[in-house]
Number of protein chains: 2
Amino acid sequence: MTPPTQDSPFLRACRREPVPHTPVWFMRQAGRSLPEYRAARDGMTMLAACTRPDVITELTLQPLRRFAVDAAILFSDIVVPLRAVGVDIDIKPGVGPVTGKPFRNEADLARLRDLEPGDVPYITGAVTSLVRELGPTPLIGFAGGPFTLASYLIEGGPSKNHDLTKAVMYGDPGLWHALLTRLADITAAFLRVQVSAGVSAVQLFDSWAGVVGPDDYRAAVLPHSKRIFEALSDSGVPRIHFGVGTGELLRQLGEAGADVVGVDWRVGLDEAARRVDVGKALQGNLDPAILLAPWPVIEERVKRVLTQGRVAEGHVFNLGHGVLPQTSPDVLARVTDLVHQESARQPG
Amino acid sequence: MTPPTQDSPFLRACRREPVPHTPVWFMRQAGRSLPEYRAARDGMTMLAACTRPDVITELTLQPLRRFAVDAAILFSDIVVPLRAVGVDIDIKPGVGPVTGKPFRNEADLARLRDLEPGDVPYITGAVTSLVRELGPTPLIGFAGGPFTLASYLIEGGPSKNHDLTKAVMYGDPGLWHALLTRLADITAAFLRVQVSAGVSAVQLFDSWAGVVGPDDYRAAVLPHSKRIFEALSDSGVPRIHFGVGTGELLRQLGEAGADVVGVDWRVGLDEAARRVDVGKALQGNLDPAILLAPWPVIEERVKRVLTQGRVAEGHVFNLGHGVLPQTSPDVLARVTDLVHQESARQPG
């Protein structure tokens with residue numbers, strides 16, 4: 001007998017099996033758009049929240065009390081595994097990840113040691129308690145992708161053009177590949193901890209990889225994402241791969257070893273289905289800014305995404321990027337219900 | 001007899017005619033990467049510099065003293081025409097265009113009156129003197145595109161996701177189209193002033209239009225860009241159209257009425273040539289960050305762009321976005337010479 005979580009619409013869609021309705025979750029469904037999130041975080045830094053199992057558990061569950069979403073996603077941050085191996089990286093409110101000592105040369109590689117399960121006990125603790133609490137609802141684990149992590153380390157913080165990162169990528173391939181190999185190993189170990197503790201799927205967020213052209217992605221990034229996904233090939237959990245503005249890279253995101261390719265709003269899901277290889281499900285892709293428009297506009301756009309998603313071998317409804325802070329939680333609840341009702345009428 | 005400017009490699013390439021060598025210029029070739037620019041701007045605000053014909057002339061000519069580029073581009077800023085019709089918009093150093101009173105409703109439309117040639121005498125003055133100074137070298141005029149101008153007005157300043165702009169675009173099409181029609185008319189008038197004064201080509205920079213998906217671009221932006229280009233159809237000068245991350249929009253950028261479509265580094269020029277309609281030249285597309293790498297890497301990449309550009313009906317070599325401030329002027333000089341030498345060997 002298939003256990004109930006394995007039989008959930010979310011995992012069925014990831015495996016490209018028929019579903020009773022299109023499953024839906026939202027990137028950043030836990031977070032600044034929820035008043036109860038701001039209350040629970042009150043006075044606590046982001047990294048403090050990310051290292052306390054009770055807080056991780058609470059923040060992960062909050063959106064499920066409001067929305068009938070088909071999956072929870074672990075509350076965490078892409079810098080957590082870096083901090084866990086001792087990198088002096090912090091999350092500055094209103095700015096993002098910052099490090100006082102950016103990575104610039106071979107000597108900096110020594111600052112990246114391997115990640116052991118004992119480095120992230122709060123992850124193991126939170127996932128264990130969440131899996132118990134969630135019952136049949138799947139929990140998605142996640143980590144940042146190699147280009148994105150490298151960018152934060154090299155730039156020292158968020159960057160518009162990722163110039164310094166690209167200067168290393170283009171100009172010093174030796175250092176670049178050594179750095180991304182270290183990051184891939186840390187990331188793979190971090191995701192394996194999550195899988196061992198019980199997550200049902202993982203998503204690799206290579207958020208900023210879309211600033212790299214296809215040939216450079218193939219040479220400089222793909223081998224490292226592949227290394228991460230290969231380290232999870234015996235995990236039995238679906239692997240999702242996403243980055244913003246990656247229309248030119250969709251096939252490669254799949255080729256890296258993903259079962260599900262995340263798509264932003266710049267490419268319709270019907271076109272995305274043509275770009276990826278056979279055997280890939282798609283996730284996405286409503287523009288988060290649509291949720292700031294009046295309901296009739298939202299309704300029409302949600303239906304359009306569902307229609308285009310029917311071309312895919314499997315479709316997990318999501319936004320094309322994270323929930324914007326000014327989004328009304330009521331709108332997210334309504335979109336969730338609409339996706340369910342509308343897709344149940346014409347099951348995939 | 002063809003006048004010498006009309007016979008320049010730059011204008012010949014724009015018209016898809018054979019050239020003795022591939023012409024080259026750099027977006028932001030005048031600017032922060034040149035020490036003489038910083039000296040000339042010393043103590044002067046950006047908008048002060050943009051409204052003094054002598055300063056505009058000097059800053060436009062500076063790069064031509066250093067690089068053997070095939071065209072000059074008028075030193076100006078996309079907010080100049082808005083400021084000229086009385087919008088309270090300024091350029092904040094290190095930030096970009098900011099307005100204290102963002103556009104939010106129909107009443108704000110009254111703040112956008114028509115632009116008359118008399119509003120921008122410094123443009124007419126500078127172009128007239130530049131054309132005289134430049135001799136056979138073409139001068140490119142420019143303006144900001146409708147989405148990009150709307151974004152600065154609605155957001156009140158530079159924006160990462162253009163959320164407020166999209167909220168109007170998706171949620172209030174009436175206000176959106178009224179605003180973009182006003183902006184298109186101002187932009188067309190501003191470009192006509194430049195053409196009347198003697199520029200040999202114009203470029204419309206819709207820098208941020210790439211955050212809009214293809215269907216929305218067609219409905220919400222294309223009609224307004226078309227309106228601008230149509231207003232210039234009797235001008236006799238080539239029209240260039242560029243935005244960052246517009247891989248999905250290349251055909252539409254051409255369809256708007258451009259003779260030359262600008263391409264960023266995410267799409268190879270060979271692939272871009274397949275995406276645009278017949279009868280379009282291409283401009284681009286070296287990643288500006290390549291110029292921070294060692295020379296052998298730059299050399300190989302410049303040659304690759306030239307090779308891919310041979311597939312296009314006409315090719316103007318450029319970067320895929322503006323020159324980064326930390327770029328060495330010597331590298332720009334060397335790239336210019338390399339483009340000329342390499343392409344002269346295998347003329348297009």
Side-chain angles (χ1 to χ4, degrees), chain A residues 96 158-173 176 209-217 244-249 263-272 275 285-298 300-301 304-305 308 320-322 324-327, chain B residues 96 158-173 176 209-217 244-249 263-272 275 285-298 300-301 304-305 308 320-322 324-327:
Chain A
S159 164
K160 199 174 150 195
N161 296 316
H162 308 269
D163 310 329
L164 299 172
T165 311
K166 286 176 162 187
V168 177
M169 181 182 86
Y170 290 134
D172 193 345
W176 177 260
V211 301
V212 180
D215 292 346
D216 289 301
Y217 185 86
V244 188
T246 51
E248 309 298 333
L249 307 175
V263 184
D264 87 357
W265 64 90
R266 289 172 179 89
V267 178
L269 291 179
D270 43 357
E271 170 62 19
R275 293 190 190 181
N285 74 341
L286 191 73
D287 185 346
I290 287 279
L291 301 185
L292 309 179
W295 178 252
V297 176
I298 300 174
E300 191 262 323
R301 295 304 186 110
R304 197 189 298 178
V305 169
Q308 294 178 336
H321 199 185
L324 295 167
Q326 66 268 45
T327 307
Chain B
S159 165
K160 200 176 151 194
N161 296 315
H162 308 270
D163 310 330
L164 299 172
T165 311
K166 286 177 162 187
V168 177
M169 181 182 86
Y170 291 134
D172 193 347
W176 177 260
V211 301
V212 180
D215 293 345
D216 289 301
Y217 184 86
V244 188
T246 50
E248 309 298 333
L249 307 176
V263 184
D264 88 357
W265 64 91
R266 290 172 177 89
V267 178
L269 290 179
D270 44 357
E271 171 60 21
R275 293 190 191 181
N285 73 341
L286 191 73
D287 186 346
I290 287 279
L291 301 184
L292 309 178
W295 178 252
V297 176
I298 300 173
E300 191 263 323
R301 296 303 186 110
R304 196 189 298 178
V305 169
Q308 294 178 336
H321 198 184
L324 296 168
Q326 66 268 45
T327 307

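What you are looking at is a predicted structure, and each value in this text was computed from that prediction instead of being measured. Chain naming here is simple, since letters A, B, ... match the order of the sequence lines and numbering starts at 1 in each.
Heavy-atom pairs under 4.5 Å with chain A were tallied for B/Leu324, B/Leu292, B/Val168, B/Ile298; the largest tally goes to B/Leu324. The candidate from B/Asp287, B/Asp172, B/Leu164, B/Val297 with the greatest count of non-hydrogen atom pairs under 4.5 Å with chain A is B/Asp287. The most heavy-atom pairs under 4.5 Å with chain A, out of B/Pro288, B/Ala293, B/Gly268, come from B/Ala293. Across A/Ala167, A/Gly247, A/Gly210, the residue that shares the most heavy-atom pairs under 4.5 angstrom with chain B is A/Gly210.
Residue contact with chain A, scored on non-hydrogen atoms closer than 4.5 Å, involves the backbone and the side chain of B/Ile290 alike. Both the backbone and the side chain of A/Val211 come within contact range of chain B, judged by heavy atoms closer than 4.5 Å. Only the side chain of A/Asn161 comes within less than 4.5 Å of a heavy atom of chain B; its backbone N, CA, C and O stay farther away. The part of A/Gln326 that comes within reach of chain B is its side chain, from C-beta onward, which places non-hydrogen atoms under 4.5 angstrom from that chain.
Atoms CD and CZ, on B/Glu248 and B/Arg266 in that order, are 11.0 Å from each other to the nearest 0.5 Å. Between atom CD of residue A/Glu300 and atom OH of residue B/Tyr170 there is a gap of 11.5 Å, rounded to the nearest 0.5 Å. Between the CD atom of A/Gln308 and the CZ atom of A/Arg304 there is a distance of 7.0 Å, given to the nearest 0.5 Å.
Taking 4.0 Å as the cut-off between side-chain N and carboxylate O, B/Arg301 and A/Asp216 count as a salt-bridged pair.
For B/Asn285 (side chain) and B/Asp264 (main-chain N/O), a donor-acceptor pair under 3.5 Å exists by modelled atom type.
Nearest heavy atom pair, residue A/Trp265 against residue A/Leu286, reads CB-C, 4.4 Å.
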